[in-house]
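Beneath this line is the structure, given in structure tokens, with notes to follow.
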Amino acid sequence: MEMTELQNMWTQHNKNISENTRINKQILKTILITKTERKMNWMKAKAIVNLILPLVLLATIFIPRVSIRVDSSFIFGALLFGIVFILGYYWSVQYFLRVMRVDLRKSITSTKKDVVELEKYEFKITKLGYMLIPFALIGMFMMLEFPFFTKSSFVPVSLIITVMIVSIYITFKFSIIERFRTINREIVEIEKLEIE
């Protein structure tokens with residue numbers, strides 16, 4: 001076997017290894033993108049539900065139970081509930097638009113920027129939402145003439161407060177932070193594959 005033949009075989013072998021490495025990286029990148037896209041699709045579905053569900057609940061459960069009155073308690077309650085509901089719905093629309101803007105097929109820099117922006121926005125609106133929920137509940141109770149400060153209302157109000165505290169803890173500790181940490185980690189892995 002001549003030296004040139006050996007060199008040609010060696011060169012061909014290196015080309016095969018390079019091609020296999022490139023194919024493996026492409027497969028891994030596709031798997032990571034698909035996995036991250038599934039998470040983003042879940043977030044998009046959740047955003048759509050957050051647009052539809054409040055309107056359905058308002059139309060089917062809340063409005064039929066409200067009897068319109070012309071007294072200060074009803075008007076103040078309607079204002080409190082209405083302002084918080086409209087703000088929350090506006091934030092849901094904005095969140096939906098931001099989630100739909102995230103596209104993993106765009107450049108990694110653009111995707112990272114969109115995901116960071118989405119994370120900050122979700123964190124902010126969730127925090128503001130939890131701060132405003134008590135006002136919406138007070139407004140709802142005023143509209144429904146719920147006896148808020150009586151002995152019989154102590155248990156339901158305590159239950160509502162307990163559920164809110166647990167919900168706040170779970171949402172911020174596990175839901176938002178962990179979901180975005182995972183997505184950001186996967187985007188970094190995709191970026192590393194593109195650089196190599």
Side-chain angles (χ1 to χ4, degrees), residues 35-67 73-102 104 112-187:
K35 188 175 168 186
T36 309
E37 276 180 340
R38 260 189 260 129
K39 288 182 180 115
M40 291 306 302
N41 287 340
W42 177 251
M43 291 172 70
K44 289 174 182 179
K46 184 181 154 209
I48 291 169
V49 168
N50 287 340
L51 286 178
I52 297 169
L53 189 63
L55 297 176
V56 170
L57 292 176
L58 189 68
T60 59
I61 295 175
F62 184 66
I63 291 177
R65 287 180 171 63
V66 174
S67 57
S73 175
F74 180 82
I75 292 170
F76 186 67
L79 280 173
L80 270 177
F81 180 78
I83 289 169
V84 173
F85 182 83
I86 290 169
L87 265 175
Y89 199 76
Y90 172 76
W91 292 335
S92 292
V93 170
Q94 290 298 313
Y95 180 77
F96 171 77
L97 295 174
R98 288 171 194 250
V99 167
M100 293 312 225
R101 193 168 55 213
V102 175
L104 295 169
K112 281 171 86 171
K113 181 181 167 222
D114 289 344
V115 168
V116 167
E117 184 182 304
L118 180 67
E119 180 181 12
K120 286 179 183 175
Y121 189 75
E122 183 173 358
F123 202 77
K124 181 178 100 176
I125 64 170
T126 304
K127 187 169 58 171
L128 289 172
Y130 277 120
M131 289 168 53
L132 292 177
I133 282 176
F135 297 106
L137 288 174
I138 290 169
M140 187 172 68
F141 290 152
M142 290 173 80
M143 290 169 62
L144 295 171
E145 295 181 296
F146 180 79
F148 200 65
F149 298 108
T150 63
K151 288 182 182 179
S152 62
S153 67
F154 178 74
V155 172
V157 170
S158 298
L159 184 62
I160 290 170
I161 292 170
T162 305
V163 167
M164 277 185 57
I165 291 170
V166 170
S167 174
I168 290 169
Y169 177 75
I170 290 172
T171 298
F172 284 105
K173 180 72 175 171
F174 300 107
S175 181
I176 295 174
I177 293 170
E178 190 55 40
R179 181 175 355 116
F180 280 104
R181 186 179 293 147
T182 305
I183 289 172
N184 285 324
R185 190 172 36 237
E186 289 170 357
I187 289 174

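Numbers here simply count residues along the sequence, with the first being 1.
Paired with Leu80 under the rule side-chain contact (heavy atoms from CB on, under 4.5 Å), one option of Leu132, Ile75, Ile138 passes, and it is Ile138.
Minimum heavy-atom separation, Pro64 to Ala59: CD-O, 3.5 Å.
For the atom pair Ile48 CD1 and Ser92 OG, the distance stands at 12.5 Å (nearest 0.5 Å). Here CG of Leu57 is found 11.0 Å from CD1 of Ile63. Values are rounded to the nearest 0.5 Å. Rounding to the nearest 0.5 angstrom, the gap separating the CD1 atom in Ile125 from the CG atom in Leu87 is 11.0 Å. Here the CZ atom belonging to Phe81 is positioned 13.5 Å from the CE atom belonging to Met142, to the nearest 0.5 angstrom. The distance from atom CG of Leu144 to atom CG of Leu137, rounded to the nearest 0.5 Å, is 10.5 Å. Asn50 contributes atom CG, which lies 10.0 Å from atom OH of Tyr89 (distance to the nearest 0.5 angstrom).
For the side chain to side chain donor-acceptor pair (under 3.5 Å) test, residues two or more places apart in sequence or in another chain that qualify with Asp114 are Lys106. Judged as a side chain to side chain donor-acceptor pair (under 3.5 Å), and not counting sequence neighbours, the contacts of Ser167 are Tyr130.
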- Task: Check the pair Val99, Leu118 against side chain to side chain contact (heavy atoms under 4.5 Å, CB included), reporting the backbone distance first and the verdict last.
- Result: CA-CA 7 Å; Val99 167; Leu118 180 67; 3.5 Å; yes
Only pairs under 3.5 Å count here: list side-chain donor-acceptor contacts from residues 39-47, not counting sequence neighbours, and write none if there are none.
| unit_1 | atom_1 | unit_2 | atom_2 | d |
| --- | --- | --- | --- | --- |
| Lys39 | NZ | Glu186 | OE2 | 2.6 |
| Asn41 | ND2 | Glu37 | O | 3.3 |

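Two residues are said to be in side-chain contact when any heavy atoms from C-beta on lie closer than 4.5 Å; Arg101 and Leu97 fail this criterion. The side-chain heavy atoms of Phe85 and Leu55, taken from C-beta on, include a pair separated by under 4.5 Å. Between Thr126 and Tyr95, the closest side-chain pair of non-hydrogen atoms is not below 4.5 Å.
Within 6.0 Å of CE on Met131 lie no more than 12 heavy atoms contributed by other residues, nucleotides or ligands.
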